[in-house]
Amino acid sequence: GYGDLLMAGSVGPVSEGQTNFLETIRANVDRMSTLVSDLQDISRIEAGQLRLEFGATRMDEVIIEVAQSFSYQIEEKEQTLTLDIQSSLPFVWGDRERLIQILTNLVSNAHKYTSEGGGIQLKAEHIHEVDESAGTFEVVHVSVMDSGFGISEEDQRQIFQQFFRSEDSDVRQENGTGLGLSITKNLVEMQDGRIWFQSVENEGTTFHFTIPTAELDGAIMDEG
């Protein structure tokens, strides 16, 4: 906060060199904050102490909120972000803040690992999913598609492991903790969803996840 005040010139003019130093400080603080938050989530998940606040949530609003939060970064990198949201999506049964976290992690990766001028698409649709043991049930299927670096076949086998980071030089140029996708997978599965991806190296990646709907026979389900 004080760094932002200094950059804004609240206590006097700031030179170009000082601005550069302040921007570096802010970037490192943001990185440290993300790391601490991720480590806290991982420790709570492993200890079985991460509690979710379930409720009927509109996935279209979550998608729009996340997309708007990335508008500046997308514009700065001259990328395009398009939304393809099915009309009249049903409510999902999940933790709204954690759904935002899931989508933020996926969009952040798409943004980071897509070159300038590339494209990102967020898509959401209501589908019926078939499970051999549970039968057919309704979910909202969300996908995040990018035209980025893609994931090598070797890396694909480890992509959800904690602290995993690719040895690819393009990927290594971007900051990361190697925890985001592991946390994302846990958060999706804790909400009775599933997550998977498709990727071709040097062509792009699409991450998919599903969250069960909060409607059953037209009525909002209660927590039980």
Side-chain angles (χ1 to χ4, degrees), residues 31-52 54 59 62-63 66 70 92-114 118 120-125 127 129-134 137 139-212:
R31 191 175 304 122
M32 192 186 327
S33 176
T34 299
L35 177 59
V36 170
S37 177
D38 285 349
L39 288 171
Q40 287 178 329
D41 280 346
I42 284 292
S43 64
R44 288 170 183 157
I45 289 168
E46 291 181 341
Q49 295 178 343
L50 187 66
R51 298 289 179 260
L52 302 187
F54 282 88
M59 199 68 212
V62 169
I63 293 170
V66 172
F70 276 92
V92 296
W93 189 249
D95 183 319
R96 190 178 193 279
E97 292 305 312
R98 295 300 183 173
L99 290 172
I100 290 173
Q101 183 179 353
I102 289 166
L103 198 55
T104 296
N105 283 344
L106 295 179
V107 175
S108 176
N109 281 350
H111 166 66
K112 285 194 297 185
Y113 303 126
T114 298
I120 301 168
Q121 182 190 57
L122 305 186
K123 183 177 181 179
E125 59 183 341
I127 65 171
E129 198 164 53
V130 179
D131 184 278
E132 291 183 0
S133 59
F137 54 99
V139 299
V140 169
H141 167 220
V142 181
S143 61
V144 180
M145 181 174 65
D146 67 60
S147 60
F149 304 147
I151 306 169
S152 69
E153 290 187 12
E154 181 180 355
D155 288 348
Q156 288 183 25
R157 294 190 290 269
Q158 308 173 75
I159 200 69
F160 289 116
Q161 291 181 11
Q162 290 180 22
F163 299 106
F164 172 74
R165 295 213 68 207
S166 173
E167 295 299 326
D168 185 281
S169 58
D170 289 329
V171 174
R172 283 283 176 177
Q173 288 179 1
E174 301 294 339
N175 295 316
T177 64
L179 290 172
L181 286 176
S182 175
I183 292 170
T184 296
K185 183 175 187 293
N186 276 284
L187 290 177
V188 169
E189 292 175 350
M190 289 175 71
Q191 296 176 83
D192 294 328
R194 65 187 187 96
I195 184 169
W196 70 100
F197 66 91
Q198 300 159 312
S199 186
V200 178
E201 194 170 9
N202 300 318
E203 292 186 17
T205 301
T206 303
F207 275 91
H208 306 261
F209 70 91
T210 60
I211 300 293

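Side-chain contact check for Asp41 versus Gln101: some heavy-atom pair is nearer than 4.5 Å.
Residues passing the ring-ring contact (aromatic ring centres under 6.0 Å, His included) test with Phe209: none are found, sequence neighbours excluded. In this view, His208 and His141, Trp196 satisfy the ring-ring contact (aromatic ring centres under 6.0 Å, His included) rule, not counting sequence neighbours. Residues that satisfy the side-chain contact (heavy atoms from CB on, under 4.5 Å) test with Gln161, not counting sequence neighbours, are Gln158, Phe164. The side-chain hydrogen bond (donor to acceptor under 3.5 Å, both in side chains) check on Ser108 picks up nothing, with sequence neighbours excluded. In this view, Thr104 and Val66, Phe70, Ile100 satisfy the side-chain contact (heavy atoms from CB on, under 4.5 Å) rule, not counting sequence neighbours. In this structure Glu203 satisfies the side-chain contact (heavy atoms from CB on, under 4.5 Å) test together with Val200, sequence neighbours excluded.
The nearest pair of heavy atoms linking Met190 to Phe54 is O-CZ, 3.5 Å. Nearest heavy atom pair, residue Thr205 against residue Ile151, reads OG1-CG1, 3.7 Å. Nearest approach of Ser147 to Gly118, heavy atoms of both residues: OG-CA, 3.6 Å.
Going from atom CZ of Phe207 over to atom CE of Met145 covers 14.0 Å, rounded to the nearest 0.5 Å. The CD1 atom of Ile63 sits 6.5 Å away from the CG atom of Leu122 when rounded to the nearest 0.5 Å. Note that CZ of Arg194 is 4.0 Å distant from CD of Glu129, once rounded to the nearest 0.5 Å. The CG atom of Asp38 sits 7.0 Å away from the CG atom of Asn105 when rounded to the nearest 0.5 Å. Between atom CG of residue Asn109 and atom CD1 of residue Ile159 there is a gap of 8.0 Å, rounded to the nearest 0.5 Å. For the atom pair CG (Leu50) and CD1 (Ile45), the distance works out to 5.5 Å, reported to the nearest 0.5 Å.
A donor-acceptor contact shorter than 3.5 Å links the side chain of Ser199 to the backbone of Gly204. Remark: side-chain polar atoms of Ser43 are paired, donor with acceptor, to backbone N or O of Gln40 under 3.5 angstrom. No side-chain donor-acceptor contact under 3.5 Å links Gln191 to the backbone of Ile211.
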From CA spacing to verdict: side chain to side chain contact (heavy atoms under 4.5 Å, CB included), Asp192, Trp93: CA-CA 9 Å; Asp192 294 328; Trp93 189 249; over 6 Å; no

Evaluation steps, side chain to side chain contact (heavy atoms under 4.5 Å, CB included), between Ile42 and Ser182: CA-CA 8 Å; Ile42 284 292; Ser182 175; 4.0 Å; yes

Side chain to side chain contact (heavy atoms under 4.5 Å, CB included) evaluation trace for Ile127 with Val140: CA-CA 6 Å; Ile127 65 171; Val140 169; over 6 Å; no

Glu46 and Gln162: CA distance, side-chain angles, deciding distance, side-chain hydrogen bond (donor to acceptor under 3.5 Å, both in side chains) verdict: CA-CA 12 Å; Glu46 291 181 341; Gln162 290 180 22; 3.0 Å; yes

Verdict with supporting geometry, Val142 and Lys123, side chain to side chain contact (heavy atoms under 4.5 Å, CB included): CA-CA 6 Å; Val142 181; Lys123 183 177 181 179; over 6 Å; no

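Taking 4.0 Å as the cut-off between side-chain N and carboxylate O, Asp146 and Lys112 do not count as a salt-bridged pair.
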